[in-house]
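Atoms within a ligand are numbered from 1 in the order they appear, just like the ligands themselves.
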Amino acid sequence: MILKNCYIYDELTGQEKLVDFLVDERITEVKEELSKTISIENKITVKLSDLDRTKIADINEHSEKYVLDCEGTITIPGGIDPHVHFDTPGFTHREDFYHGSMSAAAGGITTVIDMPCTSLPPVTNGKNFEEKFAAVKNESVIDFGLYGGVCANNFERFSQSMEEFAAKKVKGFKTYFVSGMKTFPQISLPQFESILLKAKELNLPVLLHAEDADVISNMTKIYENANDDYLRYCNSRPAQAEVTAVANAIKIAKSVDGNLHIVHVASSEAAELVNKVRNEYNITYETCPHYLYFSQEDFKTKGSSLKTAPVIKSKKDQDELWKFLEDGSCNFVASDHAPAPLKEKQTGSFWKDYGGIPGVQTLIPVVFSEGYKKQKLSLKRFTEVISTNAAKRYNLYPQKGSLREGSDADFAIINPSISWKFETRQLLSKGETSPFNNELFNGKVILTILRGKIIYSDVAGIAVEKGFGRYLT
Ligand SMILES: [Zn+2]
């Protein structure tokens with residue numbers, strides 16, 4: 001297939017330009033006006049606006065016959081969301097790998113990396129990994145990687161478990177400084193140090209949920225009550241919880257020269273602590289679309305559909321996080337996709353409502369609309385924070401996250417001129433609430449291509465069967 005008239009950020013020249021791609025499973029050629037220099041006589045040229053289900057099926061069957069004209073759109077390497085909770089096996093009433101992966105495809109995401117803590121059994125050793133792998137391997141419509149998890153349960157075996165994970169090609173090790181999960185309890189600071197040391201030996205990053213357990217438990221004692229009060233909940237998880245945890249983590253990571261990634265940073269003050277050391281040490285962080293779009297004011301209208309941990313912070317935090325994304329301090333945006341059914345999201349008590357939102361489908365829309373369209377991010381930065389940087393961080397690059405020759409033919413194609421209203425019912429996830437319900441976005445993912453096959457189109461929906469997605473080794 002030829003993808004013609006693709007407007008891209010070209011990482012090799014550092015320029016935005018129009019190119020054509022010749023693709024099979026991989027990108028085989030990239031050139032300006034390639035379609036003029038190679039014979040397209042026997043090929044059928046299709047405009048994106050003319051794609052329907054039948055045509056997509058034929059393109060996927062006989063892609064060599066087709067030229068897709070992408071005029072008027074923006075093309076980026078398929079989005080990478082390296083922080084999702086697809087919950088298979090065990091918590092599939094909240095989300096499962098099939099629905100999660102379809103939701104991702106519909107949002108222009110072609111690769112996810114799934115967390116180890118929200119499945120049963122939790123992925124805390126090689127045997128549990130095998131159980132999860134057997135349950136998910138034929139379920140995904142997009143490519144995926146997995147993390148291994150290290151928690152306080154069976155900690156005496158952590159070193160062996162991490163070796164088992166590394167042999168299964170996990171992309172990193174997830175840990176928590178505060179956890180509400182009985183099956184995946186938080187670790188202590190000395191345990192964290194041991195994990196960092198072992199991970200360094202295995203040449204893989206440690207991912208940390210950085211909120212301090214003592215700060216939260218002290219503040220919860222003060223603020224917890226029976227009222228359905230979001231402000232009290234927010235106060236029980238203040239920015240100070242993130243700041244303390246990040247400071248502790250940095251101190252330890254520096255002392256052992258560890259490879260550390262802080263997940264879902266919501267506090268700009270915590271982010272700044274990483275900004276100060278990121279050039280000198282292998283320490284990075286991500287933020288999430290909800291922290292970039294909302295502030296605590298929005299709980300008034302959004303209620304617990306917006307409840308996450310860490311909790312959304314202030315408008316100032318939001319503005320600063322955009323700045324850190326723009327200037328390269330913040331490595332990438334991840335969704336922390338973690339839906340739950342309505343009955344768990346709306347229990348009648350804000351304290352008991354499930355903390356987590358379905359975000360994989362709205363990740364690109366939010367960052368494109370709020371970041372690129374509002375000129376907070378250049379096309380270069382947008383491409384990096386949505387795809388390239390995560391690929392680099394988790395050793396998937398340049399197979400993923402790149403538009404160069406030899407890379408997998410993964411693309412998200414965005415029509416920047418479509419303004420649209422997102423509604424929860426559009427979710428292909430099992431999630432039943434979204435804080436982005438009724439929000440307006442400028443720019444829409446209209447086509448998602450994975451390894452040369454159309455996996456999603458705006459008009460025809462999901463176009464491949466479950467199991468098309470591969471485990472990334
Ligand atoms: Zn998470």
Side-chain angles (χ1 to χ4, degrees), residues 80-88 90-92 94-97 100-101 103-104 109 111-120 122-124 132 136 144-151 170-187 205-213 216 237 241-242 245-246 249 260-267 270 284-292 304-313 321 330-340 344-345 353-363 366 390 393-394 429-431 434-435:
I80 298 176
D81 186 347
H83 187 157
V84 299
H85 299 264
F86 283 177
D87 294 349
T88 301
F91 293 106
T92 48
R94 293 183 184 141
E95 183 64 299
D96 63 29
F97 228 92
S101 71
S103 193
I109 304 291
T111 298
V112 291
I113 313 180
D114 186 60
M115 288 295 170
C117 39
T118 40
S119 47
L120 284 176
V123 181
T124 49
K132 172 158 175 169
V136 307
F144 63 98
L146 299 171
Y147 297 111
V150 189
C151 65
V170 299
K171 302 295 167 241
F173 307 103
K174 177 74 184 290
T175 60
Y176 285 74
F177 276 179
V178 69
S179 158
M181 296 171 285
K182 284 195 185 73
T183 53
F184 204 97
Q186 68 224 23
I187 48 161
V206 173
L207 288 79
L208 176 68
H209 178 129
E211 285 186 288
D212 187 76
I216 290 175
R237 298 184 87 108
E242 282 191 74
V246 169
L260 172 64
H261 179 72
I262 316 271
V263 296
H264 53 46
V265 172
S267 146
T284 56
Y285 67 100
E286 71 195 27
T287 189
C288 305
H290 34 287
Y291 305 131
L292 293 166
S304 56
S305 76
L306 195 54
K307 185 181 171 185
T308 56
V311 76
I312 311 276
K313 302 289 189 306
L321 287 170
C330 178
N331 219 11
F332 46 79
V333 187
S335 74
D336 195 11
H337 180 87
E344 291 185 11
K345 282 297 285 180
D353 293 342
Y354 187 82
I357 63 179
V360 73
Q361 195 169 329
T362 40
L363 168 61
V366 171
R393 188 67 175 106
Y394 296 113
S429 152
K430 282 186 142 183
S434 165

* **Metal site the Zn ion (ligand 1), protein N/O/S atoms found under 2.8 Å** => 3
* Are the side chains of Pro205 and Tyr394 in touch, meaning some heavy atoms are under 4.5 Å apart? -> yes
* Give a yes or no on whether a salt bridge exists between Lys313 and Glu242, defined as a side-chain N under 4.0 angstrom from a carboxylate O. => yes
* Asked: Is the gap between the ring centers of His83 and Phe332 under 6.0 Å?
  -> no
* To do: Please report the closest heavy-atom contact between Thr124 and Cys151, naming both atoms and the distance.
  => CG2-SG, 3.8 Å
* With sequence neighbours excluded, residues passing salt bridge (charged side-chain N to carboxylate O under 4.0 Å, His left out) with Lys174 -> none
* is_close_aromatic(Phe97, Phe144), centroid dist under 6.0 Å -> yes
